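I have placed the structure first, in the form of structure tokens, so that the comments after it can refer back to it.
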Protein chains: 2
Amino acid sequence: MVKICNYGFDESFVEEHRDMHGIAYTQNVLSGRYKNLILWYLKENDRRFGEIKKFLTSVSQGSLTKQLRELESDEIITRTVYPEVPPKVVYGLSKKGKDLMPIIDMMEEFGKKHGR
Amino acid sequence: MVKICNYGFDESFVEEHRDMHGIAYTQNVLSGRYKNLILWYLKENDRRFGEIKKFLTSVSQGSLTKQLRELESDEIITRTVYPEVPPKVVYGLSKKGKDLMPIIDMMEEFGKKHGR
DNA sequence: CCGTATCCATTTAGATACTG
DNA sequence: CAGTATCTAAATGGATACGG
């Protein structure tokens, strides 16, 4: 399938499904092993790369970088580099990312209610 | 990583992150290329296998079956077989699945607002 | 400290053929 | 009609080594 729009559905599919365009987009933004957890963690505070890595005990550095880059390019999170030695990089929610928080909250609620 | 609880995080991780147990569970339930779209489609009406397949123009039969089986085993959807010839199988939202609808709605809304 | 690059393992999905 | 079985392709994530 040829991808357009960075969210995994081809042109004709999107054309035929204008109605559900939105849900496909959001699914793509959130698709990724750790993205929900990262956003949940950023909800309370901005965090440094190392903090996030430590929080997600089992993620590899490469995978974490990839997920953060995707969230950044989707403009869900911001990335601020402090030109120090050693370097310091802080991640935080963008305005768009904050718009996502009600969804994160409801996912948390649903899981709390129905998860084992 | 050893999987427990069918949602991709190992025992020690879950133990250390009781707080966010819920979000990990929900992410797992919704993870899958077409699950959001299927749920969105079932929101209005119960649907037959063939209808869903036709709606998701690009999904293969095997993939669709897999996604439906997962949603069924997570008790998000119900599957009703009518013993006719030719067979008729109808999928619908369970009570738990209906609990998911506010999340689906908000995802749709977010995407409508922010997606290109 | 916070990455990138490379390679490899696992997971997930599509294509095709066949069946009650 | 609504599957199952098998094979293959693609996407995703982990491990390791190295760099500014």
Side-chain angles (χ1 to χ4, degrees), chain A residues 1-10 12-13 24 27-38 46-74 77-92, chain B residues 1-4 6-10 12-13 24 27-38 42 46-74 77-92:
Chain A
M1 173 186 290
V2 182
K3 283 192 183 184
I4 60 157
C5 306
N6 294 331
Y7 48 103
F9 295 94
D10 67 21
S12 59
F13 187 90
Q27 166 165 17
N28 183 68
V29 162
L30 292 178
S31 85
R33 179 85 175 63
Y34 293 100
K35 284 185 185 172
N36 285 280
L37 302 179
I38 292 169
D46 291 359
R47 306 282 186 178
R48 297 184 59 173
F49 182 90
E51 287 182 288
I52 300 172
K53 172 144 178 40
K54 193 176 168 192
F55 174 64
L56 302 171
T57 46
S58 58
V59 73
S60 71
Q61 200 158 21
S63 299
L64 179 55
T65 299
K66 214 185 301 177
Q67 306 256 319
L68 290 170
R69 290 288 172 280
E70 285 177 22
L71 286 169
E72 194 192 349
S73 86
D74 285 332
I77 62 173
T78 58
R79 177 172 178 270
T80 311
V81 180
Y82 295 87
E84 302 169 4
V85 180
K88 177 179 167 183
V89 178
V90 174
Y91 294 92
Chain B
M1 174 185 291
V2 182
K3 282 193 184 184
I4 61 160
N6 294 333
Y7 47 101
F9 295 94
D10 66 21
S12 60
F13 187 90
Q27 165 165 18
N28 184 69
V29 162
L30 292 178
S31 84
R33 179 85 174 64
Y34 292 101
K35 284 185 185 171
N36 284 278
L37 302 179
I38 293 168
L42 291 180
D46 291 359
R47 306 284 186 177
R48 298 183 60 172
F49 182 89
E51 286 183 287
I52 301 172
K53 173 145 176 40
K54 192 175 169 194
F55 174 63
L56 302 172
T57 46
S58 59
V59 73
S60 71
Q61 202 157 17
S63 298
L64 179 55
T65 299
K66 213 184 301 175
Q67 307 255 320
L68 290 169
R69 290 288 172 278
E70 286 177 21
L71 286 169
E72 193 192 351
S73 85
D74 285 333
I77 63 173
T78 59
R79 176 171 177 272
T80 310
V81 181
Y82 295 87
E84 305 169 359
V85 179
K88 176 179 168 185
V89 179
V90 173
Y91 294 91

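Bear in mind the structure is a predicted one, so any value in this text is a computation, not a measurement.
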* **Relative orientation of the end axes in the helix from C/dC1-D/dG20 to C/dG20-D/dC1, expressed as an angle to the nearest 10° (five pairs per end)** => 50°
Main chain of [Y], side chain of [X]: is a donor-acceptor contact present, judged purely on distance under 3.5 Å?
X: A/Lys35; Y: A/Ser31; value: yes
X: A/Gln27; Y: B/Tyr34; value: no
X: A/Lys66; Y: A/Gly62; value: no

Let me know the distance between [atom1] of [X] and [atom2] of [N], rounded to the nearest Å.
X: A/Leu68; N: C/dC1; atom1: CG; atom2: C1'; result: 14 Å
X: B/Glu72; N: D/dA2; atom1: CD; atom2: C1'; result: 13 Å
X: B/Lys35; N: C/dT11; atom1: NZ; atom2: C1'; result: 13 Å
X: A/Gln67; N: C/dC2; atom1: CD; atom2: P; result: 18 Å
X: B/Gln27; N: D/dT12; atom1: CD; atom2: P; result: 13 Å
X: B/Lys88; N: D/dC1; atom1: NZ; atom2: C1'; result: 12 Å
X: A/Glu51; N: C/dC1; atom1: CD; atom2: P; result: 12 Å
X: A/Asn28; N: C/dA13; atom1: CG; atom2: C1'; result: 16 Å

Looking only at non-hydrogen atoms, find the nearest pair between [X] and [Y] and report the distance.
X: A/Leu68; Y: A/Ile77; value: O-CD1, 3.6 Å
X: B/Leu64; Y: B/Ile52; value: CD1-CG2, 3.9 Å
X: A/Val81; Y: A/Arg79; value: CG2-NH1, 3.8 Å

* With heavy atoms under 4.0 Å as the rule, sort B/Tyr82 into base, sugar-phosphate or nothing. => nothing
* Does OP1 or OP2 of D/dG14 have a side-chain N or O of A/Ser63 closer than 4.0 Å? ->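 Answer is yes, contact under 4.0 Å.
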* **Presence of B/Tyr91 side-chain N/O under 4.0 Å of D/dC1 phosphate oxygens OP1/OP2** =>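 No, because none of the side-chain N or O atoms of B/Tyr91 sits under 4.0 Å from OP1 or OP2 of D/dC1.
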* Asked: Does B/Lys53 have any salt bridge (Lys or Arg N to Asp or Glu O under 4.0 Å) partners at least two apart in sequence or in another chain, and if so, which?
  ->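 None.
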* To do: To the nearest 0.5 angstrom, please state how far the OH atom of A/Tyr91 sits from the OG1 atom of A/Thr78.
  => 10.0 Å
* To do: Measure the CZ-CG distance between B/Arg69 and B/Asp74 for me, rounded to the nearest 0.5 Å.
  => 13.5 Å
Between [options], spot the one nearest the side chain of [X], thanks.
X: A/Tyr34; options: C/dC1, D/dG14, D/dG3; result: D/dG14
X: B/Arg48; options: C/dC2, D/dG13, D/dC1; result: D/dC1
X: B/Pro87; options: D/dA2, C/dC2, D/dG14; result: D/dA2
X: B/Val59; options: D/dG14, D/dG3, C/dG14; result: C/dG14

* Asked: Side chains of B/Phe49 and B/Thr65: closer than 4.5 Å at any heavy-atom pair?
  -> yes
Look for any protein N or O under 3.5 Å of an N or O in nucleotides 4-9 of chain C and output each such pair with its distance, or none.
residue: C/dT4; atom: OP1; partner: A/Arg69; partner atom: NE; Å: 3.4
residue: C/dT4; atom: OP1; partner: A/Arg69; partner atom: NH2; Å: 3.4

